[in-house]
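What follows is one structure encoded as structure tokens, with my remarks underneath.
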Amino acid sequence: MTTRPLPALWAAIREAAPRFRQTGAAAVLILVTGCATEPNANPHDPFEPFNRGVWRFNDTVDNAVVRPVAVAYRDVLPSPVRTGVNNFFGNLSDVWSFANSVLQLKLESSAQNFMRVNVNTFFGLGGLLDVASEAGIDRHNEDFGQTLGRWGVPSGPYLVLPVLGPSTVRDTAALPVDWKGDLLTQIDNVPVRNSLYVLRGVDIRSNLLRAGQLLDDAALDKYSFTRDAFLQRRRNDVYDGNPPDDDNGK
């Protein structure tokens, strides 16, 4: 592991920031192009021209800003520290997963997520240690998009959102509810809240570095590969890994 001092991480962020500002204008151009469709469009991706434009913008931002910061984060911080950060945010997400498990009437998932939050909060130093997983209590990731799918709301077309990445019409509509259910939004101190948002984003991206490299090496069309993998994963999420042969677009 590289033993650069912690300020190197912030130096990487400052260095990347000007490039991020340069790409801001590109986002505006992408958003005003509209959602044009093609005659032979993928039925799950009728807005492909628009989505590919947003995907290229996101890829530019990732290469210029997000990935370099994630690499610095991985190189600067020891693995136990990064694991603790990941566990902390995972424990926060378990609270919203519990709420959505209840809304979906998944009794076993609700009970396990409830137990995870309590065990990790009280015996895992506020969530820094994942004691629940060591005890065999499974995590069940749930969000409001999955809750809508559980109750029959179809996923709708595939969408790529600026910065946020792959989504669907249903998941995009669910974002405001997911945002309100995020415990970080309850923090009144704006600098602290925003710092935690950034830290969580960098942590998530650092965990995807290896997968991103494999995607770069293997996929001939990264856009199509990412779209198909995302739609399949979300379909499995709604049905807990057992989707029917015909789910009518869920």
Task: V85 reachable from L183 in the ILVMFWY side-chain graph, under 4.5 Å edges - done: yes

Task: Expected output: side-chain N63 to main-chain D59 donor-acceptor under 3.5 Å - done: yes

Task: Joint cluster assignment, V76 & L199, ILVMFWY side-chain distance < 4.5 Å - done: yes

Open item on the list: If I take atom CZ from residue F144 and atom CZ from residue R170, how far apart are they, to the nearest 0.5 angstrom?
Closed with: 11.0 Å

TODO: Report the C-alpha separation of N100 and D143 in whole Å, then their side-chain angles, then the decisive distance to 0.1 Å, and conclude whether the side chain to side chain donor-acceptor pair (under 3.5 Å) test is met.
DONE: CA-CA 6 Å; N100 280 283; D143 54 49; over 6 Å; no

Open item on the list: Same cluster or not: L208 versus V160, using hydrophobic residues (I, L, V, M, F, W, Y) connected whenever any side-chain heavy atoms lie under 4.5 Å apart?
Closed with: no

Task: Taking every non-hydrogen atom, the tightest pair across V192 and I187 - done: CG1-CG2, 4.3 Å

Task: D228/Y158 under side chain to side chain donor-acceptor pair (under 3.5 Å): CA gap, chis, key distance, verdict - done: CA-CA 10 Å; D228 296 343; Y158 177 69; over 6 Å; no

TODO: Let me see the working for R74 and L209 under side chain to side chain contact (heavy atoms under 4.5 Å, CB included), right down to the final yes or no.
DONE: CA-CA 9 Å; R74 180 196 62 189; L209 286 172; 3.7 Å; yes

Open item on the list: Once side chain to side chain donor-acceptor pair (under 3.5 Å) is applied, what residue pairs with a partner in residues 115-138 remain, sequence neighbours excluded?
Closed with: N91-T121, D94-R116, R116-D130, R116-S133, N120-D130, D130-S133

- [ ] Mind jotting down which residue pairs meet the salt bridge (Lys or Arg N to Asp or Glu O under 4.0 Å) criterion with at least one end in residues 196-206? Sequence neighbours excluded, please.
- [x] D62-R205, D182-R200

TODO: Take D45 and R52 through the salt bridge (Lys or Arg N to Asp or Glu O under 4.0 Å) test and state the conclusion after the steps.
DONE: CA-CA 10 Å; D45 188 11; R52 282 187 179 271; over 6 Å; no

- [ ] Please report the shortest heavy-atom distance between R139 and N141, naming the atom on each side.
- [x] CD-OD1, 3.4 Å

Open item on the list: Pair L184, W179 - check side chain to side chain contact (heavy atoms under 4.5 Å, CB included), show working.
Closed with: CA-CA 9 Å; L184 293 186; W179 182 78; over 6 Å; no

Task: Closest approach of S110 to V102 (non-hydrogen atoms, all atoms of both residues) - done: OG-N, 3.2 Å

TODO: State which residues pass salt bridge (charged side-chain N to carboxylate O under 4.0 Å, His left out) with R210; sequence neighbours excluded, sorted by chain then number.
DONE: none

Task: Contacts of type side-chain hydrogen bond (donor to acceptor under 3.5 Å, both in side chains), residue Q104, not counting sequence neighbours - done: K106, E142, T147

Open item on the list: Could you tell me if the side chain of L175 sits less than 4.5 Å from the side chain of L161, heavy atoms only?
Closed with: yes

- [ ] Output yes when a side-chain donor or acceptor of S93 lies under 3.5 Å from a complementary backbone atom of G90, and no otherwise.
- [x] yes

Task: 4.5 Å side-chain heavy-atom contact, R227 and N42 - done: yes

Open item on the list: Checking T185 against Y197 for the side chain to side chain contact (heavy atoms under 4.5 Å, CB included) test, could you report, in this order, the C-alpha distance in whole Å, the side-chain angles of both residues, the deciding distance, and whether it holds?
Closed with: CA-CA 9 Å; T185 63; Y197 277 136; 2.9 Å; yes

Task: Minimum heavy-atom distance V238-R150, with the two atoms named - done: CG1-N, 4.0 Å

Task: Value rounded to 0.5 Å, distance of OG in S224 from CD in E48 - done: 6.0 Å

Open item on the list: A side-chain contact here means heavy atoms from C-beta on lying under 4.5 Å apart; do D171 and R234 qualify?
Closed with: yes

Open item on the list: Distance check, rounded to the nearest 0.5 Å: D240 atom CG versus S109 atom OG?
Closed with: 6.0 Å

- [ ] Sorted by first residue and then second, give each ring-ring contact (aromatic ring centres under 6.0 Å, His included) pair with at least one member in residues 95-128; sequence neighbours left out.
- [x] F98-F114

Task: Within one Ile-Leu-Val-Met-Phe-Trp-Tyr cluster: V81 and L196, side-chain cutoff 4.5 Å - done: yes

Open item on the list: Can you confirm whether D188 is buried at CG, in the sense that more than 12 heavy atoms of other residues, nucleotides or ligands lie under 6.0 Å from that atom?
Closed with: no

TODO: Quick one: closest heavy-atom pair of G156 and T168, and the distance?
DONE: O-CB, 4.3 Å

Open item on the list: With heavy-atom distances below 4.5 Å as the criterion, would you say the side chains of P166 and T226 are in contact?
Closed with: yes

Open item on the list: If hydrophobic clusters are built by linking Ile, Leu, Val, Met, Phe, Trp and Tyr wherever their side-chain heavy atoms come under 4.5 Å apart, do I204 and V198 end up in the same one?
Closed with: no

Open item on the list: Please give me the minimum heavy-atom distance between I137 and V119, naming the atom from each residue.
Closed with: CD1-CG2, 4.2 Å

TODO: Ignoring hydrogens and angles, tell me if any N or O in the side chain of W55 forms a donor-acceptor pair with the backbone of G165 under 3.5 Å.
DONE: no

Task: Beyond-backbone contact of H140 with S97, side-chain heavy atoms, under 4.5 angstrom - done: no

Open item on the list: Can you tell me how far apart OG1 (T172) and CG (L159) are? Round to the nearest 0.5 Å.
Closed with: 5.0 Å

Task: Set of ring-ring contact (aromatic ring centres under 6.0 Å, His included) partners for F89, sequence neighbours left out - done: none

